[in-house]
Amino acid sequence: MTLDLHHAHPWDVTPKEAVQIQRDLAPLVREEPLAFDAVRTVAGLDVSVRDDRVRAAIVVLDVREMAVVDQAIWEGPTPFPYVPGLLSFREVPAILPALEQLGALPDVLMLDAQGYAHPRRFGLACHLGVLLERPAFGVAKSILVGKHGPLAEKKGSGTELIHNDETVGMAVRTRENVKPVYVSVGHRVTLRDACLLTVRLATKYKLPMPTHLAHRLSYRGEL
DNA sequence: GCGACAG
DNA sequence: ATCTTGTCGC
């Protein structure tokens, strides 16, 4: 499958150029309701790093059957160092070729990273969503920016993640008595819908199944 | 100037 | 992210 990228730009850039690209693309992020009735597949995407190589993995789940219907792996040289706030430039170059291996583009993309909860409101989930003009959101294991108050221990509980007096995401409890995950909008979804999907797909582990499986595939090389 | 800092 | 055994608790 050939990907048609919207607003394509170079990836071999300096940190300063990367920041400018984020500022240019950030205004393109749109938050809109997800048409749940049309959501059949949700893909979990994750990237692992070993030595000087990065490995992107994608696991596509049919949310009605909760079954894996497609998967892909792409490995290559690490293109960019890890710089807080510029994760996209390290992971997207590996994610794109992995996406091309899929039979079709998933209805929704779930990233193991931040989306709107980013210093320039353009985390990895926003970046990929805008490039593909596809619904996307992030489910991170820790906070990049923002703070939040306490939240109930029950599964499904949540509290707003605030940064500079703006709600940028939500701390969501996916499992009782387990540290929360941080959900934020990527593109073409509302924060509420992203949280609903996150909780609904977290059936067995702290991380929702798409992301959990993608992490496993990326790290182990197999499901 | 001193911390914080997705993965 | 990655290096890694056992151990505490529901």
Side-chain angles (χ1 to χ4, degrees), chain A residues 11 15-16 18-19 21-22 25-26 29 44-59 73-96 98 109-131 136-148 152-155 157 161-164 166-187 191 194-195 198 202 204-208 210-221:
Chain A
W11 294 99
K16 284 188 177 181
V19 168
I21 288 172
Q22 295 183 319
L25 301 181
V29 169
L45 304 87
D46 191 33
V47 176
S48 61
V49 182
R50 290 164 32 199
D51 301 315
D52 289 349
R53 310 277 293 174
V54 291
R55 181 157 68 186
I58 304 174
V59 174
I73 286 183
W74 185 87
E75 189 183 317
T78 302
F80 200 86
Y82 170 68
V83 179
L86 300 180
L87 187 63
S88 297
F89 294 83
R90 183 176 173 80
E91 307 200 342
V92 174
I95 290 175
L96 295 179
L109 306 176
M110 181 184 282
L111 283 296
D112 196 52
Q114 307 292 349
Y116 195 75
H118 175 278
R120 288 169 292 283
R121 307 295 183 259
F122 201 67
L124 173 54
C126 295
H127 206 143
L128 195 61
V130 167
L131 286 181
F137 65 93
V139 180
K141 298 181 292 300
S142 62
I143 298 172
L144 175 58
V145 296
K147 297 178 305 184
H148 67 82
E153 296 297 333
K154 282 185 57 62
K155 172 178 180 178
S157 300
L161 179 63
I162 308 294
H163 180 57
N164 290 346
E166 179 183 19
T167 294
V168 296
M170 191 85 96
V172 178
R173 191 88 69 188
T174 52
R175 296 293 291 176
E176 202 162 320
N177 299 331
V178 170
K179 302 298 289 182
V181 293
Y182 302 92
V183 180
S184 61
V185 168
H187 190 50
L191 178 55
C195 290
T198 295
K204 192 171 171 53
Y205 307 97
K206 167 179 174 175
L207 295 181
T211 293
H212 176 84
L213 293 173
H215 186 282
R216 186 181 176 77
L217 179 59
S218 175
Y219 191 73
R220 301 181 47 192

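Per chain, numbering begins at 1; letters A, B, ... match sequence-line order.
- Within 4.0 Å of A/V47, counting heavy atoms only, lie sugar-phosphate atoms of the nucleic acid but no base atom.
- For the pair A/D112 and A/K141, the salt-bridge criterion is met [side-chain N within less than 4.0 Å of a carboxylate O].
- At whole-Å resolution of the value, CG in A/D52 and C1' in C/dT2 are 13 Å apart.
- Between A/K141 and the phosphate of B/dA6, there is no side-chain N or O to OP1/OP2 separation shorter than 4.0 Å.
- The phosphate of B/dA6 has neither OP1 nor OP2 within less than 4.0 Å of any side-chain N or O from A/Y116.
- A/I143 places its CD1 atom 8 Å from the P atom of B/dC5, with the value rounded to the nearest Å.
- Heavy atoms of A/E91 sit under 4.0 angstrom from primed sugar atoms or phosphate atoms, though from no base atom.
- With rounding to whole Å, A/N164 atom CG is found 14 Å from B/dA4 atom C1'.
- Counting any heavy atom pair closer than 4.0 Å across all strands shown, A/A113 reaches a base atom.
- Side-chain atoms of A/S218 come within 3.5 Å of backbone atoms of A/R55 as a donor-acceptor pair (strictly under, hydrogens ignored).
- When heavy atoms are screened at a 4.0 angstrom cut-off, A/H127 is found touching no nucleic acid atom at all.
- Across all strands, A/G138 comes closer than 4.0 Å to no nucleic acid atom at all (heavy-atom distances).
- Residue A/S142 has no polar side-chain atom (N or O) positioned under 4.0 Å from OP1 or OP2 of B/dC5.
- Separation of the A/W11 and A/F89 ring centroids falls under the 6.0 Å cut-off.
- As a whole-Å value, the separation of A/E176 CD from C/dG9 C1' is 14 Å.
- By the 5.5 Å and 30° criteria, A/Y182 is not stacked with the base of B/dA6.
- In this structure, A/R121 forms a cation-pi arrangement with A/Y116, its terminal cationic atom sitting closer than 6.0 Å to the ring centre and no more than 45° off the ring axis.
- Atom CD1 in A/I95 sits about 13 Å away from atom P in C/dA1, given to the nearest Å.
- A/H215 has a side-chain polar atom (N or O) that falls below the 4.0 Å cut-off from OP1 or OP2 of C/dA1.
- If you check every strand for non-hydrogen atoms under 4.0 Å, A/N177 touches nothing.
- A straight line from CZ of A/R90 to P of B/dA6 spans 12 Å, rounded to a whole angstrom.
- Checking the phosphate oxygens (OP1, OP2) of C/dA1, no side-chain nitrogen or oxygen of A/Y219 falls inside 4.0 Å.
- Distance, A/L86 CG to B/dA6 C1': 11 Å, rounded to whole Å.
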Kindly determine whether A/E91 and A/Y82 satisfy side chain to side chain donor-acceptor pair (under 3.5 Å), including the steps that lead there.
CA-CA 10 Å; A/E91 307 200 342; A/Y82 170 68; over 6 Å; no

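- Atom CE of A/M110 and atom P of B/dG7 are 15 Å apart (whole Å).
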